[in-house]
Amino acid sequence: MFRAFRNEVEAALADALSAMDLPTDDLGVEEPPEDVPATLASNVAFRLASEVGAPPPKIAADIAGEISVDGYDYLDHVDTGGPYVNFHTTEQYLADTLAAAGDDEYGRLPDKDESVVVEHTSANPTGPVHVGRARNPILGDAVANVIDFAGYDVERHYYVNDAGRQMAVFTWAYETFDEADLDSEPERDRIEYDLVRYYRKGNRVLEEGDPEEVEAAEAEISEILQGIEEGDEETYARVETVVDQVLSGMKECLGRLPAEFDEFVKETRFMFDGSTQEVASRLKDSDYAVLEEEAWQLELDEWDIEKKLVFLRSDGTSLYTTRDLAHHEWKFENFDRAVTVLGEDHKLQAEQLKAALEILGNDVGQLDHAIYSYVNLPEGKMSTRAGTGVDLDDLLDEAVDRARDEVESRLDSRIRDDELDEDDIERIAHQVGIGAVRYDIVSKQPTKAITFEWDQALDFEAQSAPYVQYVHARCCGILDEASQAGVEPTDVDPAVLSTEAEEDLLRTIARFPAVVETAAEDLEPHTVATYTREFAEAFNTFYRECSVLNADDEETQRARLALVDASRHTIANALSILGVEAPDSM
RNA sequence: GGGCACGUAGCUCAGUCUGGAUAGAGCGUCGGACUUCUAAUCCGACGGCCGUGGGUUCAAAUCCCAUCGUGCUCGCCA
């Protein structure tokens, strides 16, 4: 309802301003501070002061007097607070909010009939997913969720880099070394932990091995790369043996979050179908192409990019970005929009990609990047190759373990007699543990760097997943008790919800669809996390002050129950956008 | 060195794009609230030259310039 109210406010204000012969280009509509009893306000009077030649409070009063609320459903009346014009809602606003939030899909915006492909994670299949990379699936999944919830048709893609040098190195190492050559046991009983040892061994040999050995290896690696480039089936099969095995393990790990994908798109696909070479030849014909030292490159000065983009090596083979160009043209053919979630280390490459796509004649307005900063350890960077870093599996295990300890230690002091059994404890431990990890990462602005610290990531109090999840569990508890007592959230008179706590909660619920809309537009799911905290605060105040089952009369009982039902839908949907589970009890 | 980010309470962060009402949370510290729909909760206190210096503006945490600090980046790697 907030969105509808905002539209009404803008329309009413614009009408009044034009009736007064004043400009309507900047309405200055904003949410007032908490202690102001208005839902929206306008600061337009400040800007008109010099033009009109009157002090802002006078102008505000004049505007307020000029505004007509006739014909609006939610705009009740207008007054001023000094220089501000304040807009107040009708009873209908709260009534309609309560009714709308009775739907368990509340917050989902109308279908836009527009398809969006969200590419995220796309980590090279070189080994276990570490925490440094984990920001990508967690952020990416939330970005996809919020766009989905905002009414778009979303597909989630993982782009598999199976044609790069790293995979050639991996393939060579996998075929060259035996178990006996490796100096460690797998850290975990899963395929990518087993195989990454070959990759690390291979890289060590390339860095430190004797020159003859390295030379032979490089020859082999280059042969593999050439083989793929030429579409040689046998080479492809050798590489995919490694790729598919490692990837299958990584999928399992990501599945624990869970981050699921609709499609794993391999880059070799765009080599074998000829589109990469086709893109390269179109680029060669462009005005921006230059041949320097036998390598084809693009001059991107026009895009303020100093670095030239090499799109064909001197031996004629393609590079990662060349294939990615073909990949993106494929996306543009099949989807209305493409969103890619990338680490900041790929930012320059992403800008070059965009420029090159423009040169190729694409509408780059279809492409958006969500860029995030890396997650580092206090002691430095995480690297699969070097084997430094915390594995995501270990983080999730630790999170679930700590959550389980927490649940068990709280068992004795539980008031609620719902008799949690072993399965419940395990369920709650998973929901809370994994939820806490996701929430910790998704709730922060993506541009800010994160230094990973165990205690901080696994703090179960305060501004964390459990704090918000607890609200959901409380809702479920009340709804459960109510249903046993035979109270139904039907035949409700919203006007009964007249205390400040009830009204605040309802107003917070009303804002949810607007939060979804903005988060989707800006690709910033962390604003949904901020909202869940504000929501939890409003709900907890209501919980403290307004008993549902012990309310004075049945009418109040029913109305409050409807409010709890609406709250549950709101917080469940907000959490689901964040990829955090909503426990029925905890 | 060039480019791009980031710098807000002791700590972790919202707010910055789109300037506007006394800068908000949590953790920690201190003090309160469970015979009550779940205390993973709530209430209160303490805590801020919004990195620094200039500028624009009626108004700056927010925009511009400079500067310092941190991160990323500047391969015929991905």
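On a predicted model such as this, the values are computed, not experimentally measured, just so you know. Every chain is numbered from 1, with letters handed out A, B, ... down the list of sequences.
Listed by chain and number, the residues in a side-chain contact (heavy atoms from CB on, under 4.5 Å) with Asn7(A) are Glu10(A) (sequence neighbours excluded). Considering only residues two or more places apart in sequence or on other chains, Phe270(A) meets the ring pair (Phe, Tyr, Trp, His ring centres under 6.0 Å) condition with His327(A), Trp330(A). Considering only residues two or more places apart in sequence or on other chains, Trp303(A) meets the side-chain hydrogen bond (donor to acceptor under 3.5 Å, both in side chains) condition with Glu358(A).
Sequence neighbours left out, the pairs with a member in residues 125-139 of chain A that pass side chain to side chain donor-acceptor pair (under 3.5 Å) are Asn136(A)-Tyr372(A).
Here the P atom of nucleotide rA78(B) and the CG atom of Asn161(A) are 8 Å apart, to the nearest Å. Rounded to whole Å, the distance from NE2 on His369(A) to C1' on rC17(B) is 19 Å. Rounded to a whole Å, the CD atom of Gln484(A) is 12 Å from the C1' atom of rC37(B).
Annotation: proximity of residues 431-438 of chain A to RNA chain B (heavy atom, distance under 4.0 Å) is found for Val432(A), numbered in ascending order.
The listed nucleotides are rC4(B), rG15(B), rC17(B); the one nearest the side chain of Asp522(A) is rC17(B). When distances run from any side-chain atom of Lys347(A) to the nucleotides rC77(B), rC4(B), rU41(B), the shortest one goes to rC4(B). Taking every side-chain heavy atom of Ser314(A) into account, rC76(B) is the closest of rC76(B), rA40(B), rC42(B). Taking the side chain of Glu30(A) as heavy atoms from C-beta on, and the options rA21(B), rC13(B), rA78(B), the nearest nucleotide is rA21(B). Among the nucleotides rA14(B), rC76(B), rA21(B), the one closest to any side-chain atom of Gln445(A) is rA14(B). Checked against rG15(B), rA78(B), rG20(B), the side chain of Thr527(A) finds its nearest nucleotide in rG15(B). Checking rA14(B), rA39(B), rC42(B) against the side-chain heavy atoms of Arg474(A) singles out rA39(B) as nearest. Among the nucleotides rC77(B), rA14(B), rA40(B), the one closest to the side chain of Arg165(A) is rC77(B).
Using modelled atom types, one finds a donor on one side chain and an acceptor on the other under 3.5 Å when comparing Thr317(A) with Arg313(A). With hydrogens and angles left out, the side-chain atoms of Asn540(A) and Arg474(A) include a donor and acceptor closer than 3.5 Å.
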Pairs under 3.5 Å (N/O, protein and nucleotides 70-74 of chain B):
unit_1  : atom_1 : unit_2    : atom_2 : d
rC72(B) : O4'    : Glu344(A) : OE2    : 3.4

Each nucleotide N or O in nucleotides 30-33 of chain B that has a protein N or O under 3.5 Å away: list the pair and distance.
none

Report, one pair per line, the protein and nucleotides 44-47 of chain B atoms (nitrogen or oxygen only) whose separation is under 3.5 Å.
none

> Tell me, for nucleotides 56-69 of chain B in 5' to 3' order, what letter each nucleotide earns: B for a base near a protein heavy atom under 4.0 Å, S for only sugar-phosphate near one, - for neither?
Replying inline: --B-----------

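For the OP1/OP2 pair of rG75(B) and a distance below 4.0 Å, the side-chain nitrogens and oxygens of Gln349(A) include no atom meeting the criterion. In this structure, Arg544(A) does not reach the rA39(B) phosphate: none of its side-chain N or O atoms is under 4.0 Å from OP1 or OP2. Phosphate contact (OP1/OP2 of rA14(B), side-chain N/O of Lys448(A), threshold under 4.0 Å): present. Checking the phosphate oxygens (OP1, OP2) of rG15(B), a side-chain nitrogen or oxygen of His526(A) falls inside 4.0 Å.
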Could you go through residues 342-354 of chain A and list every donor-acceptor pair under 3.5 Å that involves a side-chain atom there, pairing it with any protein atom two or more places apart or in another chain?
unit_1    : atom_1 : unit_2    : atom_2 : d
Gln352(A) : NE2    : Lys307(A) : O      : 3.2
Lys354(A) : NZ     : Leu367(A) : O      : 3.1

Anything under 3.5 Å between a donor and an acceptor, one on a side chain of residues 49-59 of chain A, the other on a protein residue two or more places apart or in another chain? List them.
unit_1   : atom_1 : unit_2   : atom_2 : d
Lys58(A) : NZ     : Asp62(A) : OD1    : 3.4
Lys58(A) : NZ     : Asp62(A) : OD2    : 2.8

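By the 4.5 Å heavy-atom criterion applied to side chains, Thr527(A) and Asp522(A) are not counted as neighbours. By the 4.5 Å heavy-atom criterion applied to side chains, Val580(A) and Thr532(A) are not counted as neighbours.
Distance check: Leu319(A) CG to Leu309(A) CG gives 8.0 Å after rounding to the nearest 0.5 Å. Taking CD1 of Ile571(A) as the start and CD of Gln469(A) as the end, the distance is 10.0 Å to the nearest 0.5 Å.
Secondary-structure annotation of RNA chain B gives the stems B:1-7 with B:68-74, B:10-13 with B:24-27, B:29-33 with B:41-45, B:51-55 with B:63-67, with a stem taken as at least 3 successive Watson-Crick or G-U pairs whose two distances both fall under 3.5 Å.
At a cut-off of 3.5 angstrom, counting only N and O atoms as typed in the model, there is no donor on one side facing an acceptor on the other between the side-chain of Asn540(A) and the base of rA39(B).
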